[in-house]
Chemist: 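If you scroll down you'll find the structure; I have some questions about it.
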Amino acid sequence: MDLRERNLLQIEEIEKHKWIESEKAGHDLGEAARIDWVLKYAAKWSEEHPVTDDKLPTDESLKAENGISKDIP
């Protein structure tokens, strides 16, 4: 898993936690729920989801992935 994929997966987990905790509380907990996830779960989650491809995507690979064929100034 590359860094970008890992970050997207982590954001998904954080937002899931925010939704669950907000439902329990009966209102949107917002940033507090995100911080709660980081404090409670980030270290363990990071151990369980290591970056195996630490190369950052190039501008060209991002353009190709998003269907952009010309240079953007």
Side-chain angles (χ1 to χ4, degrees):
M1 170 181 335
D2 69 22
L3 186 58
R4 182 173 173 266
E5 292 169 329
R6 183 177 176 268
N7 287 345
L8 292 173
L9 186 60
Q10 186 177 42
I11 290 167
E12 186 177 308
E13 288 298 313
I14 293 168
E15 292 303 309
K16 192 184 309 180
H17 176 75
K18 177 184 168 282
W19 182 82
I20 291 168
E21 296 303 313
S22 294
E23 286 293 308
K24 288 180 191 175
H27 65 279
D28 185 4
L29 295 175
E31 194 66 19
R34 293 181 183 107
I35 293 168
D36 181 59
W37 186 91
V38 170
L39 294 173
K40 289 180 178 176
Y41 306 112
K44 181 71 173 168
W45 190 91
S46 292
E47 288 175 14
E48 295 173 354
H49 299 82
V51 175
T52 56
D53 179 4
D54 62 356
K55 295 178 187 169
L56 293 174
T58 64
D59 287 344
E60 293 305 314
S61 68
L62 289 173
K63 288 177 191 175
E65 182 178 309
N66 292 297
I68 300 170
S69 59
K70 63 180 184 174
D71 286 332
I72 299 173

Chemist: Roughly how far apart are D28 CG and E23 CD, rounded to 0.5 Å?
Modeler: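 Answer for the CG-CD pair, D28 versus E23, is 9.5 Å.
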Chemist: Is there a path of hydrophobic side-chain contacts, each under 4.5 Å between heavy atoms, that joins V38 and L9?
Modeler: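 Yes.
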Chemist: Assigning hydrophobic clusters by single linkage (Ile, Leu, Val, Met, Phe, Trp, Tyr; side-chain heavy-atom cutoff under 4.5 Å), is Y41 placed with I20?
Modeler: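 No, Y41 and I20 fall in different hydrophobic clusters.
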Chemist: Name the orientation class of the two ring planes belonging to H49 and W45 (parallel below 30°, tilted from 30 to 60°, perpendicular beyond 60°).
Modeler: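 H49 vs W45 ring planes: parallel.
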Chemist: Under 4.0 Å between a Lys/Arg side-chain N and an Asp/Glu carboxylate O for E15 and R34?
Modeler: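 Yes, charged N to carboxylate O under 4.0 Å.
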Chemist: Where is the tightest heavy-atom contact between D2 and V51, given as atom of each residue plus distance?
Modeler: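 The pair with the smallest heavy-atom distance is C-CG1, 4.3 Å.
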Chemist: Would you tell me whether S46 and R6 have side-chain atoms, one donor and one acceptor, within less than 3.5 Å of each other?
Modeler: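 There is such a pair (donor and acceptor under 3.5 Å, judged by atom type) between the side chains of S46 and R6.
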Chemist: If I take atom CD from residue E5 and atom OG1 from residue T52, how far apart are they, to the nearest 0.5 angstrom?
Modeler: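 That separation rounds to 8.0 Å.
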Chemist: Any chance you could measure W37, atom CH2, to E21, atom CD, to the nearest 0.5 Å?
Modeler: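 Between atom CH2 of W37 and atom CD of E21 there are 13.0 Å.
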Chemist: For a side-chain contact (heavy atoms from CB on, under 4.5 Å) check, start with the C-alpha distance between Q10 and I14, then their side-chain angles and the critical distance, and finish with the verdict.
Modeler: CA-CA 6 Å; Q10 186 177 42; I14 293 168; 4.0 Å; yes
Chemist: Compare every heavy atom of S22 with every heavy atom of G30, then report the nearest pair and how far apart it is.
Modeler: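 Smallest interatomic distance, heavy atoms only, reads N-OG, 4.4 Å.
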